[in-house]
Student: 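Provided herewith is a single structure, encoded as structure tokens, for subsequent inquiry.
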There are 2 protein chains.
Amino acid sequence: MSVTIRDVARASGVHISTVSRTFSAPHLVNPNTRSRVLACAEELGYRPNRAARALITGRTYNIGLIVADIANPFFPPLIKAAESQARKHDHHIFVADTNEDPALEEEVVRALAKQVDGVLICSPRMNNALIEQLSREVPLVVVNRQITGIPAVVMDVAQGARLAIEHLTACGHRTIALLSGPRGSWTSREIRRSATATARAGHAELTVIGPNPPTEVGGLTVAEDVLRAGATAVLAYNDLMAIGLIEGLFSAGARVPEDVSVIGIDDIMLSRLTRPKLTTVATPTAAAGRAAVDMLLAHGDDRRSTAHLHLQTELVIRDSTGSGPGPHSPADPGDVNVPGGVAS
Amino acid sequence: MSVTIRDVARASGVHISTVSRTFSAPHLVNPNTRSRVLACAEELGYRPNRAARALITGRTYNIGLIVADIANPFFPPLIKAAESQARKHDHHIFVADTNEDPALEEEVVRALAKQVDGVLICSPRMNNALIEQLSREVPLVVVNRQITGIPAVVMDVAQGARLAIEHLTACGHRTIALLSGPRGSWTSREIRRSATATARAGHAELTVIGPNPPTEVGGLTVAEDVLRAGATAVLAYNDLMAIGLIEGLFSAGARVPEDVSVIGIDDIMLSRLTRPKLTTVATPTAAAGRAAVDMLLAHGDDRRSTAHLHLQTELVIRDSTGSGPGPHSPADPGDVNVPGGVAS
DNA sequence: ACAATTAATGCAAGCGGTTGCACGGGTGTC
DNA sequence: GACACCCGTGCAACCGCTTGCATTAATTGT
């Protein structure tokens with residue numbers, strides 16, 4: 001079938017252990033022998049079987065990456081960055097899609113546990129206790145969730161939500177709706193917490209609508225709720241919902257930004273291309289993917305690493321937000337980035 | 001470290017082979033013993049190590065999925081469908097991104113070969129000879145490429161391109177540009193072949209511009225070439241390029257569809273949401289992902305399966321196409337699907 | 001009642017590697 | 001010239017699991 005270490009040993013007239021060392025501990029083998037072995041290996045097309053190696057070394061050179069929905073435009077840049085970074089370190093990457101189902105998350109982590117060096121869970125929907133439990137079974141890094149004791153990469157959406165609400169109140173909006181995300185989303189809770197506090201500080205009223213599925217449809221279907229609440233501005237859990245909402249508002253006869261201002265979160269590719277172009281809070285998705293992989297791979301060295309990496313977000317003002325009702329000056333910049341701050 | 005078959009054996013007072021059979025050949029073990037073993041396994045949290053099993057059975061229950069660019073919106077629905085279908089058959093899926101680099105495709109296939117039951121290569125950029133070579137080293141299914149002897153799932157873009165060009169000529173366009181895709185793309189060649197033939201039959205002139213990177217930027221940068229060629233209509237290799245092109249045309253002062261009609265291919269989510277909504281050839285991406293996985297898993301049974309599955313495409317007329325120059329009747333349907341035919 | 005099946009389990013080899021240990025021979029030291 | 005030492009290699013056990021074969025006990029046929 002496939003060419004093994006034994007075939008190479010036979011061809012080059014040495015013991016299999018020497019062949020093994022040629023690949024995994026070259027400094028232990030005589031240079032002449034080594035080159036002979038390498039030549040034979042090359043000629044036979046030998047490739048070490050990583051699974052077999054893993055059996056004894058415990059290192060698989062694989063990583064698991066779990067996301068809620070591959071088709072959600074938020075994830076592909078993260079997956080791409082993670083994959084690229086992983087392969088830079090000679091690792092392969094399993095991708096699993098849980099369809100926003102917490103039970104599936106658990107199942108997949110367990111199923112993958114034995115054949116990976118660690119698992120990245122992006123935007124987990126499980127509860128903290130379960131995540132802690134799982135992290136005892138396999139090295140875990142979590143993206144967009146903070147749990148003490150679990151290494152994590154989080155986007156600072158609280159700060160992003162603050163910038164968003166401040167932008168809206170500065171534009172004169174006093175009745176703001178918040179479209180929350182899926183149940184179990186830490187990000188959604190953070191946004192809500194921060195948005196609520198910021199709105200109160202800005203003397204604006206904040207109506208929370210949700211939870212909602214984090215999709216275009218999720219935004220589309222609540223358009224009427226938004227209008228009924230009398231909101232003149234909306235912050236959506238993500239861009240996809242914001243875009244769906246804009247469609248829904250349009251169908252209901254409301255114009256964006258003239259009648260209602262809308263802000264999304266994520267800054268997915270789509271947001272630059274829809275009309276009106278979406279004002280949004282940009283999250284550093286690719287950077288998060290890279291950082292999470294690095295953190296996972298470092299995990300092995302400094303055991304029990306428990307670092308939390310916070311990535312800053314920034315408000316990108318485009319065309320879906322405008323001045324609120326009453327005698328206020330219109331805010332109408334082109335496509336300006338307002339950089340946000342950093343948390344520890 | 002981790003609980004193994006031995007731990008379960010000790011706990012339930014049987015030999016490890018009995019534990020093994022409890023999981024992989026339940027009918028060979030006494031029902032009483034079996035339930036006792038299962039109880040112990042459950043209690044200890046035993047999970048079989050698939051890599052170890054694969055070492056001896058040769059079946060890994062893993063699949064490799066190789067795409068040119070995860071962040072290209074064409075791929076995520078395919079990946080999602082493939083992953084879902086794979087897990088339905090209890091398989092996990094490695095995802096690799098080759099950045100449109102043929103050399104990387106080869107490297108990744110080889111690297112993955114030992115730890116998967118087969119590899120799915122989507123829209124490969126390698127040459128046929130190399131693919132044939134690789135298919136001798138690991139079961140392969142190819143998406144969007146036809147090679148005799150290699151099982152494949154292809155979208156019938158030739159037929160889609162024909163419908164697209166016919167739509168344009170019917171609208172009165174006589175000078176049409178074709179934005180071709182990346183070098184090495186079978187799909188691009190198919191489109192070109194079919195578009196050329198259809199244009200000739202429709203007494204229209206077809207100018208081929210490219211090859212181009214299959215991205216928004218790829219379309220954006222050739223807007224001037226399109227105008228210089230005097231084209232009043234354009235068929236782009238994919239929606240992303242079409243959308244970029246529309247942006248480019250807009251910057252150059254040309255309006256879509258009034259001055260130039262644009263058709264894309266793929267019908268990615270974006271295309272419904274940009275303004276103008278994009279007329280495009282819809283490809284059944286998710287179906288292709290599912291079918292490819294099924295084909296790969298069936299591959300094992302009827303050895304040397306060499307089936308080619310053709311999936312039909314259809315023209316979706318939206319707002320980016322309109323009547324050409326001169327005294328022609330305007331074609332202006334809303335959002336109509338014109339179903340295409342099927343190939344074998 | 002006894003040979004012949006059959007069912008359930010144990011034994012041990014082996015999948016493709018890695019790795020601690022032992023061994024042989026060449027150097028350096030005094 | 002005897003001793004210690006190091007370098008390069010072979011030996012064999014083992015990682016977690018499967019599986020052909022042997023073994024034993026229970027069942028069946030006549």
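Below, chains carry the letters A, B, ... as their sequence lines are ordered, and counting in each starts from 1. Please read these numbers as outputs of a predicted model, since none were measured by experiment. All heavy atoms count here, side chains included; hydrogens, waters and symmetry mates do not.
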Student: How large an angle, rounded to 10°, do the end axes of the helix from dA1(C)-dT30(D) to dC30(C)-dG1(D) enclose when each is built from five base pairs?
Tutor: 40°
Student: Roughly, in whole Å, what's the span from CG in Asp7(A) to P in dG17(C)?
Tutor: 9 Å
Student: Strictly below 4.0 Å, N to O, side chains only: are Glu132(B) and Arg145(B) in salt-bridge contact?
Tutor: no
Student: Within the distance-only criterion (no hydrogens, no angle test), does the side chain of Asp97(B) pair as donor or acceptor with the backbone N or O of Ile70(B) below 3.5 angstrom?
Tutor: yes
Student: Within the 4.5 Å heavy-atom criterion, are Asn49(B) and Thr4(B) side-chain neighbours or not?
Tutor: no
Student: Tell me: CG of Leu55(A) to P of dT18(D), nearest whole Å?
Tutor: 12 Å
Student: Name the residue closer to the 5' end of DNA chain D, choosing between Ala52(A) and Gly13(A) according to the nucleotide with the nearest heavy atom.
Tutor: Gly13(A)
Student: Could you tell me how far apart His15(A) (NE2) and dC21(C) (C1') are, to the nearest whole angstrom?
Tutor: 13 Å
Student: Categorize Val19(B) for me: base, sugar-phosphate, or nothing, with a 4.0 angstrom heavy-atom threshold over every strand shown.
Tutor: nothing
Student: Categorize Thr18(B) for me: base, sugar-phosphate, or nothing, with a 4.0 angstrom heavy-atom threshold over every strand shown.
Tutor: sugar-phosphate
Student: Describe the nucleic acid contact of Thr4(A) in one word from base, sugar-phosphate, nothing, applying a heavy-atom distance below 4.0 Å.
Tutor: sugar-phosphate
Student: Look at the aromatic rings of Phe94(A) and His92(B) and report parallel, tilted or perpendicular, splitting at 30° and 60°.
Tutor: perpendicular
Student: Calculate the interatomic distance between Leu44(A) atom CG and dG16(C) atom C1'; express it in whole Å.
Tutor: 15 Å
Student: Near DNA chain D, counting only heavy atoms under 4.0 Å, which residues of residues 27-38 of chain B show up?
Tutor: none
Student: Which of these nucleotides, dC21(C), dG16(C), dC21(D), is closest to any side-chain atom of Arg6(A)?
Tutor: dG16(C)
Student: Is any side-chain N of the basic residue among Asp294(B) and Lys88(B) closer than 4.0 Å to the acidic one's carboxylate O?
Tutor: no
Student: Can you tell which of dG10(D), dC17(D), dT18(C) lies closest to the side chain of Arg21(A)?
Tutor: dG10(D)
Student: State, with a plain yes or no, whether a side-chain heavy atom of Pro214(A) is found less than 4.5 Å away from one of Glu100(A).
Tutor: yes
Student: Could you state the CZ-C1' distance from Arg10(B) to dG16(D), rounded to the nearest angstrom?
Tutor: 13 Å
Student: For a quick check of understanding: with a heavy-atom distance under 4.0 Å over all strands, which category does Tyr46(B) fall into, base, sugar-phosphate or nothing?
Tutor: sugar-phosphate
Student: Could you work out, with side-chain contact (heavy atoms from CB on, under 4.5 Å) as the rule, every residue matching Gln146(B), not counting sequence neighbours?
Tutor: Val154(B), Trp186(B), His308(B), His310(B)
Student: Given His91(B), which partner from the list Asp117(B), Val116(B), Asn62(B), Thr60(B) fulfils the side chain to side chain contact (heavy atoms under 4.5 Å, CB included) test?
Tutor: Asp117(B)
Student: In whole Å, I'd like the distance from the CD1 atom of Ile56(B) to the P atom of dG20(D).
Tutor: 9 Å
Student: With the threshold set at 4.0 Å, does a side-chain nitrogen-carboxylate oxygen contact exist between Glu105(A) and Arg125(A)?
Tutor: no
Student: At 4.0 Å (heavy atoms only), tell me whether Arg47(A) reaches a base, stays on the sugar-phosphate, or touches nothing.
Tutor: sugar-phosphate
Student: Looking at the side chain of Asn49(A), which of dG10(C), dC17(D), dG17(C) is the nearest nucleotide?
Tutor: dG17(C)
Student: What's Ser20(A) touching, base or sugar-phosphate or nothing? Going by heavy atoms closer than 4.0 Å.
Tutor: base
Student: Quick one: does any side-chain atom of Asn72(B) pair with a main-chain N or O of Phe75(B) as donor and acceptor, under 3.5 Å?
Tutor: no
Student: Separation of Ile16(A) atom CD1 from dG20(C) atom P, in whole Å?
Tutor: 15 Å
